[in-house]
Every structure is written in structure tokens, then in C-alpha cells.
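To start, the structure under review is shown below, and the notes come after it.
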Amino acid sequence: MRMVFIGPPGAGKGTQAERLVKKYKMAHLSTGDMLRAARDAKTEVGLKAEQYMSTGALVPDDIIVAIIAERLQSADCREGYLLDGFPRTIAQAESLGKMLMAKGTPLDVVLELQVPEEELFRRLAGRGRADDNPEVIRQRLVAYRKQTEPLLDYYRKQGLLKSINGVGTVDEIFERAGLALEGS
Ligand code: AMP
């Protein structure tokens, strides 16, 4: 299965993604994890990305698209993959669409995890990552609303979008995800 997993920061995508990739034997492609690894290794891309990440802004599309284009060539992606945190803009989605069209491997499904804003703020404030201070959190939520939410309509129009309620226990949400995916 080739899927995109969309949800605001703090929605619990990472936790659910880890379980979904095991169940459906997909490669887990998290652009946030890739960028944090690049930052920690102090690569050129990592140092550039850090300037954006530290303020809660999105990293420029060209950087992210190049990273994903390379990653999608790996052997482990042949069986399917879960894109976690990518695409985050319409431009990224269009680039991905072109890449996949050229390979003849379109997406199967886009899963949205829905969590109300008050709940997100509460969860993010308890997480303790370097980009989790209140102002950065606020910026990340603004970036999500402005730049990423338009993707929901974009994928809805393509008939790919499934949305699930992201409030509940990890097991409850995982079950909802399974039901949504298996009905796709
Ligand atoms: P995440 O762990 O997915 O919340 O990503 C952490 C940070 O990495 C984000 O706040 C962005 O600065 C950056 N980032 C991750 N994925 C993307 C993407 N697809 N486009 C732009 N920036 C991204």
C-alpha cells in the first residue's frame, strides 16, 4: 500500500504510523525524522533545514522534494510506504503526483487524523522536543492550517481522502485507521 498520512502537529501521527507500517508492511518515510537526522549529522541540508524547523516554519519545497525523490528509489519502498509529514504543501503534492505518475505507481489512499486544536496544544506542550516551545508550536499549527490543510480538498477531489477521529486511546485510533484503510 502507498499511503500519505496527514494530520496536524501533535495529532499522534508518529505513534500510529509506527503501528501501521508494521501491520501493512510499508516503509516508514517521515520527513521530520529525516530532517532531524540530517540536522544532528550537521549535513549541509540539515543545517539549512534547522533554520526553518527551529521557528516552526516549513522547510522549502525544493529541499524536501529532493529528499523524498531519492528516498522513494530505495528497494524497501517497492512493497509500499507510508509518507508521514509529506506532502505538506500543494506544490509538494503536485511534485509527488508527477513523480508517481512517471513511475506508474499512484497513491492508494490519503489518511487524515483529525484532532481539535485545544487538544493538540495540550499534547504538544507535554512532549518536550526542542521545537515544542509555545511560540514554535503556535507557528507549526499556523503552518499546518495555511499550507497543509488545503491538501485535504486536493486529495478529496481525487477520491483518495479518508478521515478518522484522532481522539481516543492509541488502540482505538489504530482500529479506526485499520477500518478506514481496509475499506479503501
Ligand atoms: P514533523 O516531525 O513532521 O512535525 O516535522 C518537523 C519539522 O520539520 C516541521 O515543523 C518542518 O519545519 C520540517 N518539515 C518536516 N516535513 C516537512 C515537509 N514535508 N515540508 C516542509 N517542512 C517539513
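For ligands, and for the atoms within them, numbers begin at 1 and follow the listed sequence. Worth knowing before you read on, the calculation uses all heavy atoms, side chains too, and leaves out hydrogens, waters and symmetry mates.
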(message) Suppose we measure from atom 10 (O) of ligand 1 to each protein heavy atom; which comes out shortest, and what is that distance?
(response) Arg140 NE, 3.7 Å
(message) Quick check: do Ile164 and Leu179 have side-chain heavy atoms less than 4.5 Å from each other?
(response) no
(message) For Glu135, is the CD atom crowded, meaning more than 12 foreign heavy atoms sit under 6.0 Å from it?
(response) yes
(request) Give the residue and atom name of whichever protein heavy atom lies nearest to atom 5 (O) of ligand 1, and the separation in Å to one decimal. (result) Arg88 NH2, 3.3 Å
(message) Around atom CD of Gln158, are there more than 12 heavy atoms from other residues, nucleotides or ligands closer than 6.0 Å?
(response) yes
(request) Quick one: look at Leu58 and ligand 1, take heavy-atom pairs under 4.0 Å, and tell me if it's side chain, backbone, both or neither. (result) both
(request) List the atom of Arg176, the atom of Gly166, and the distance in Å for their closest heavy-atom pair. (result) NH1-N, 4.3 Å
(message) Considering Arg36, Glu50, Arg39 one by one, which has a heavy atom nearer to atom 2 (O) of ligand 1 than any of the others?
(response) Arg36
(request) Tell me which protein heavy atom sits closest to atom 16 (N) of ligand 1, plus the residue, atom name and distance to 0.1 Å. (result) Thr31 OG1, 2.8 Å
(request) Record the part of Ala57 in heavy-atom contact with ligand 1 below 4.0 Å; permitted values are side chain, backbone, both and neither. (result) backbone
(request) Considering heavy atoms of the protein only, find what lies nearest to atom 13 (C) of ligand 1 and give residue, atom and distance to 0.1 Å. (result) Leu35 CD1, 3.5 Å
For residues 85-97, which side-chain N or O atoms pair as donor and acceptor with protein atoms under 3.5 Å away, sequence neighbours left out?
unit_1, atom_1, unit_2, atom_2, d
Arg88, NH1, Gly85, O, 2.9
Thr89, OG1, Asp61, OD1, 3.0
Thr89, OG1, Gln92, N, 3.0
Gln92, OE1, Arg88, N, 2.8
Gln92, NE2, Asp61, OD1, 2.9
Ser95, OG, Ala91, O, 3.1

(message) Which residue and atom name correspond to the protein heavy atom nearest atom 22 (N) of ligand 1, and how close is it?
(response) Val59 N, 3.0 Å
(request) Output the distance between atom OH (Tyr154) and atom CG (Leu160), rounded to the nearest 0.5 Å. (result) 9.5 Å
(message) Could you identify the single nearest non-hydrogen protein atom to atom 7 (C) of ligand 1 and state the distance to 0.1 Å?
(response) Met53 CG, 4.0 Å
(message) Considering Gly32, Ala11, Gly85 one by one, which has a heavy atom nearer to atom 18 (C) of ligand 1 than any of the others?
(response) Gly85
(message) Pair Arg123, Glu119 - check salt bridge (charged side-chain N to carboxylate O under 4.0 Å, His left out), show working.
(response) CA-CA 6 Å; Arg123 292 186 193 177; Glu119 173 75 11; 2.9 Å; yes
(message) Strictly by salt bridge (Lys or Arg N to Asp or Glu O under 4.0 Å), give each pair with a member in residues 19-29 just once, sequence neighbours left out.
(response) Arg19-Asp171, Lys23-Glu182
(message) Among all the protein's non-hydrogen atoms, which is closest to atom 20 (N) of ligand 1, and how far away is it?
(response) Gln92 NE2, 2.9 Å
